[in-house]
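In listed order, ligands and their atoms are each counted from 1. Just so it is clear, the values below take in all heavy atoms, side chains as well, and ignore hydrogens, waters and symmetry mates.
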Amino acid sequence: MKNTNLCLIFHCLKDDNSLDNDIHSEMFVHRKEVEELIIQLKKEGYVFKLPQDAKKGEKVCTFTLDDGYANNKIFLDIAKKYEIPFILFLSSYNIISQRPYLWDTFTKTEGHMYHISKFDYIKYYNEVVTDPSLGDNYRPFIEKELHSFNDNSYAKIALHSHYHQPYVGNFLEKCEEDLNTNREYVSRFSNTLLEDFALPCGLYTKRTISILKKKCQRIYTTDGAGYKAGSRVISRISLVNPKVGGPLMDQIKSSFKLKNKLRRFVAIKKYSHPNLL
Ligand SMILES: [Zn+2]
């Protein structure tokens with residue numbers, strides 16, 4: 001991890017232990033665990049900045065939050081307390097429709113995940129009329145809550161697709177339309193990064209990157225390990241509940257190991273893994 005910039009992803013935050021046996025509990029990281037990680041990273045000499053502000057020779061760490069879960073509002077306090085700029089990557093369909101995220105409703109209904117690179121999100125959303133009840137911890141932000149991010153000088157809202165359909169295979173041809181819809185929605189807010197796009201499920205091909213480079217300045221993957229200052233493709237490290245993945249700092253360090261990169265690749269090929277969301 002020497003002289004490497006880090007870009008971290010969280011999906012869901014919590015401040016109690018009530019969710020440890022619920023669906024996708026691996027996505028939830030406790031506020032205390034996030035704060036402990038920040039203190040450890042500071043001790044290791046990391047400074048907290050956005051990737052576009054990283055300079056050569058610095059050890060920069062960026063915090064990102066994906067999808068738009070309302071529980072992410074916990075990070076607003078953390079950001080102010082430790083002075084941490086961060087990016088909230090929003091999938092706009094769920095915010096607009098106020099429907100829970102597909103991986104949560106599908107798992108709740110079917111008891112397992114779907115194949116993330118082949119599943120048709122739009123078809124599913126059209127076919128399923130009634131969503132299962134999931135509770136407040138799984139709901140997306142309502143627009144009014146997102147406006148409170150405008151008052152936090154550390155927050156930036158950026159792009160994460162409209163439907164969260166991965167931009168691969170047959171879905172690649174519709175990616176520009178999907179990206180435009182997502183950008184149009186995110187433009188409603190004032191503190192935005194409209195040129196920063198996080199890949200849904202972190203999935204991509206060479207063609208995905210080539211198309212997106214014409215539309216965005218920075219593309220964020222979930223490939224693990226670090227990134228170099230000035231990169232347009234930013235590799236991020238997805239962090240999960242330490243009860244599942246071990247201490248957060250160990251998760252960061254192990255994402256640099258080749259065998260873990262291969263394990264992720266196999267997970268995508270075979271089916272889905274929740275920390276790829
Ligand atoms: Zn996502």
Close side-chain approach of Q52 to L193, heavy-atom, < 4.5 Å: yes

Nearest heavy atoms of Y154 and K80, plus distance in Å: CE1-CA, 3.9 Å

Metal check, the Zn ion (ligand 1) vs D66 N/O/S, cut-off below 2.8 Å: no

Degrees at the Zn ion (ligand 1) between the NE2 atom of H164 and the OD1 atom of D67, nearest 10°: 100°

Electrostatic pair K156:D196 at N-O distance under 4.0 angstrom: no

Common cluster, F106/V128, ILVMFWY with side-chain heavy-atom separation under 4.5 Å: yes

Metal site the Zn ion (ligand 1): N/O/S of C201 inside 2.8 Å: no

Heteroatom test (N, O or S) for H160 near the Zn ion (ligand 1), limit 2.8 Å: yes

